[in-house]
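Remarks on the structure that follows.
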Protein chains: 2
Amino acid sequence: MADINSNAKIPPQNSGGEATAGGAQARDAEAAWDIIELLFFAYRDFVGDPDAVLLKYAFGRAHHRVLHFVNRNPGMKVADLLDILNITKQSLGRVLKQLVDQGFIVQKEGAQDRRQRLLFATAKGEALALKLAALQTERINRAFGELGPGAHEAARRFLTAMIDGDNREGVLRQIARADRAKTRG
Amino acid sequence: MADINSNAKIPPQNSGGEATAGGAQARDAEAAWDIIELLFFAYRDFVGDPDAVLLKYAFGRAHHRVLHFVNRNPGMKVADLLDILNITKQSLGRVLKQLVDQGFIVQKEGAQDRRQRLLFATAKGEALALKLAALQTERINRAFGELGPGAHEAARRFLTAMIDGDNREGVLRQIARADRAKTRG
DNA sequence: AATTTATGTCAGCCATATTGACATATTTTG
DNA sequence: CAAAATATGTCAATATGGCTGACATAAATT
């Protein structure tokens with residue numbers, strides 16, 4: 001299980017009588033198969049939502065990731081973005097250049113440190129970022145609507161607990177900071 | 001936000017005083033930013049676990065996905081796998097061939113329909129699939145351990161609700177069927 | 001017998017990632 | 001101040017995992 005592409009239907013199974021070729025099954029009883037697979041399918045659908053919109057701009061998911069985090073963290077450094085995305089600067093380079101060239105992101109020289117190229121979403125970039133987030137929010141709110149109250153908090157707690165322990169605080173701080181950044185405006 | 005690569009630390013933010021280039025923020029108040037980003041980071045760490053193991057076999061996430069579903073659904077048809085992964089047979093071909101050539105998966109002619117090449121994990125393949133699932137299960141169980149009882153059920157409900165409505169039943173059936181398949185052995 | 005289905009394969013292309021080397025400007029340090 | 005470190009960018013080559021289109025084969029269905 002890893003990242004995924006997009007949607008697909010679960011096909012009818014042939015459930016034939018053939019036995020598995022392997023021998024040793026039984027002690028995988030405790031494996032959390034349900035969560036592993038639900039996470040796979042849920043995430044697949046979740047990231048699939050924006051794809052149609054991105055297609056119209058000839059953008060891929062790489063662009064989405066960059067735009068999302070830049071929009072959420074106005075003035076972030078290139079190095080910070082690289083750390084969040086965990087890609088090389090060469091990989092970021094191409095995608096970022098396209099976003100800048102097409103006016104979705106601007107880079108401004110750092111005030112204290114003029115080597116830095118701080119990243120900002122333009123109005124155009126923010127509009128796209130919000131459109132994409134709205135699609136995903138729609139799915140999330142639909143889910144919370146189906147589940148009872150408290151579902152949001154439960155999901156937040158579950159997802160937080162799934163993050164690497166040594167990184168969790170940083171993530172929470174980052175989310176809180178971004179919230180502030182985007183709320184004050 | 002979309003699929004991701006692997007781990008990375010959240011860097012300190014420069015939180016500079018620069019204002020965003022865009023103008024319109026404020027009505028994104030209802031966007032579920034927290035869930036969007038938590039899902040991103042949680043999934044990133046979740047799929048990152050197996051990467052180190054896969055590296056030793058010179059396998060990628062594509063191999064993991066194939067091996068996972070074949071192991072969970074012994075005797076599945078190639079066409080079913082294509083539908084679950086939502087890739088083309090040409091894409092599957094390369095990865096599947098490597099798994100077959102290296103003895104992780106075997107293909108058997110269908111009994112009723114001899115055109116079919118039913119897929120089975122070998123003992124070797126199952127061992128690897130279980131090893132990878134164990135890593136992910138470890139993370140999941142750690143999370144459920146931190147949260148109280150009922151966390152498993154809550155997570156299951158949340159993730160299920162996040163799946164496309166028209167696909168949800170199929171996913172649940174698929175998971176249940178796989179559980180049966182691997183339990184009877 | 002003709003058609004459809006399940007699968008495989010060849011060939012070429014694209015997006016996104018990688019490593020390594022090197023360049024430039026700026027800040028920090030000895 | 002000179003040297004070293006840092007932030008960023010860029011060139012080139014390469015790998016992975018997707019894609020489309022075309023075509024092939026065997027077996028099932030009509």
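In what follows, every chain begins at residue 1, and chains take the letters A, B, ... in the order their sequences are listed.
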Nearest-Å distance for atom pair NE2/P, residues H64(B) and dG17(D): 13 Å

By side chain to side chain contact (heavy atoms under 4.5 Å, CB included) - contacts of L172(B) (at least two apart): L38(A), T160(B)

side-chain hydrogen bond (donor to acceptor under 3.5 Å, both in side chains) involving R114(A) - partner list, sequence neighbours excluded: none

Test item: Q136(A) side-chain N/O and D49(A) main-chain N/O as donor-acceptor pair under 3.5 Å: no

Partner set under side-chain hydrogen bond (donor to acceptor under 3.5 Å, both in side chains) for T137(B), not counting sequence neighbours: none

L99(B) CG - dG17(D) C1' separation (whole Å): 14 Å

Donor-acceptor list for residues 93-104 of chain B side chains, cut-off 3.5 Å, not counting sequence neighbours:
{"unit_1": "K97(B)", "atom_1": "NZ", "unit_2": "D101(B)", "atom_2": "OD2", "d": "2.9"}
{"unit_1": "Q98(B)", "atom_1": "OE1", "unit_2": "H63(B)", "atom_2": "NE2", "d": "2.7"}

R65(A) side-chain proximity, nearest of dT16(C), dG17(D), dA7(D): dT16(C)

Residue whose closest nucleotide on DNA chain C lies nearer the 5' end, Q107(B) versus K89(A): Q107(B)

Sorted by number, the residues of residues 90-98 of chain A with heavy-atom contact under 4.0 Å to DNA chain C: Q90(A), S91(A), R94(A)

Distance in angstrom units between N86(A) CG and dT16(C) P, rounded: 17 Å

K77(A) NZ - dT8(D) P separation (whole Å): 6 Å

Protein-nucleotide distance (D83(A), atom CG; dT8(D), atom P), rounded to Å: 10 Å

Approximate separation, where rounding is to 0.5 Å, of I35(A) CD1 and H152(B) NE2: 4.0 Å

Where protein sits on nucleotides 25-30 of chain C, one letter per nucleotide: B base, S sugar-phosphate only, - none, heavy atoms under 4.0 Å: BBS---

Nearest-Å distance for atom pair CD1/P, residues I105(A) and dG9(D): 12 Å

For A151(B), all residues meeting side chain to side chain contact (heavy atoms under 4.5 Å, CB included), sequence neighbours excluded: F144(B), L147(B)

Rounded distance in Å - CZ (F59(A)) to P (dA15(C)): 12 Å

Counterpart residues, side chain to side chain contact (heavy atoms under 4.5 Å, CB included), relative to L54(B) (two or more places apart): P50(B), D51(B), F59(B), H64(B), L132(B)

Integer-rounded Å distance: dA15(C) C1' and I87(B) CD1: 16 Å

Sequence-distant partners of R168(B), side-chain hydrogen bond (donor to acceptor under 3.5 Å, both in side chains), two or more places apart: E146(A)

